[in-house]
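Every value quoted in this text rests on a predicted model; they were computed, and no experiment measured them.
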Amino acid sequence: MATRSECTLSDWLAHMKCDRKNNVSRVDAYLPVFHRRFVMPTRFLITTAALLLPAAAIAPASAEEAPTRGWTFGTNKAKKEEKKQRVTPTPAPQQRRRTTRAAPEPKPEPFEPKLVPSGLLKTALAQGRSSITVQFEPGSSALQSDGTEQAEELFRAISSPELIGERYLIAGYVESTGNPGASLDLSRQQAEALVAYLVEKGIPRSRFRARGYGDERPRVGMEATSPANRRVEVIKLD
């Protein structure tokens with residue numbers, strides 16, 4: 001037979017038969033167990049928490065004086081108001097970086113030979129030298145129509161009374177073709193072709209001397225392969 005001291009909560013819940021023979025009510029049998037297992041531990045926890053929590057944390061004087069650690073009460077409202085009053089700075093607009101592209105290199109303008117009239121040639125030759133562009137067929141010493149026109153202007157200048165008796169060097173130049181020997185021969189042939197034209201027009205051969213320089217002396221600021229290097233220089237000899 002179970003006594004009151006031997007009664008447990010599990011036995012009471014499972015069978016509900018504790019202390020029936022001793023005329024002890026079920027409620028009276030349950031109260032000591034409930035008090036021992038639930039009420040006493042709850043009182044212990046509440047007492048311990050009251051001792052451990054600081055007084056300032058339970059009721060802080062202001063939001064600024066609230067502790068930064070531990071449990072805090074009454075500060076949520078102050079924090080919300082502080083967030084409302086806080087002005088969020090507007091971020092400055094980001095400036096896009098401008099990428100500078102390298103300017104394309106200017107394409108070289110196509111070379112267009114200009115006709116030098118006899119009057120300018122006569123003035124330049126009186127001072128010592130003149131550079132003219134005489135057009136020949138590509139890779140040949142045959143004069144083109146434009147070359148013949150420039151050769152005619154040269155004839156008029158050299159045959160003028162002011163320049164009679166003067167001797168000249170006819171120097172031929174061509175652009176670089178990758179074969180210096182061929183360029184040298186072509187420039188010499190073109191210089192001799194111009195001399196032959198002037199002699200055919202009636203000027204004595206003794207007044208001229210023909211020489212080819214190939215691609216040795218390109219014009220200033222011009223690449224060796226530029227067509228602008230195709231030219232003839234007429235130089236006054238002493």
Ile235-Val116 co-clustered via ILVMFWY side chain contacts under 4.5 Å
no
Quick check on Arg209: does its CZ atom have over 12 non-hydrogen neighbours (other residues, nucleotides or ligands) under 6.0 Å away?
no
Ser226 side-chain N/O to Glu223 backbone N/O, donor-acceptor pair under 3.5 Å:
no
Close side-chain approach of Phe208 to Ile203, heavy-atom, < 4.5 Å
yes
Do Arg188 side-chain atoms and Gly172 backbone N/O form a donor-acceptor pair below 3.5 Å?
no
Would you find more than 12 non-hydrogen atoms of other residues, nucleotides or ligands less than 6.0 Å from Glu137 atom CD?
yes
Would you check if there is a donor-acceptor pair between the side chains of Glu152 and Tyr197 at a distance under 3.5 Å?
yes
Residue among Asp215, Thr225, Asn229 satisfying side-chain hydrogen bond (donor to acceptor under 3.5 Å, both in side chains) with Ser176:
Asp215
Could you please spell out the steps behind the side chain to side chain contact (heavy atoms under 4.5 Å, CB included) verdict for Leu198 and Glu200?
CA-CA 5 Å; Leu198 296 174; Glu200 186 180 354; over 6 Å; no
Any link between Val134 and Tyr168 through a network of hydrophobic side chains (Ile, Leu, Val, Met, Phe, Trp, Tyr) touching at under 4.5 Å?
yes
Salt bridge or not between Arg129 and Glu233? Use side-chain N to carboxylate O under 4.0 Å.
yes
Within-4.5 Å side-chain heavy-atom neighbours: Leu125 and Lys236
no
Does the side chain to side chain contact (heavy atoms under 4.5 Å, CB included) test come out yes or no for Gln190 and Ser141, once each step is laid out?
CA-CA 5 Å; Gln190 291 178 353; Ser141 59; 4.2 Å; yes
Is a side-chain donor or acceptor of Glu153 paired with a backbone partner of Ser118 at a separation under 3.5 angstrom?
yes
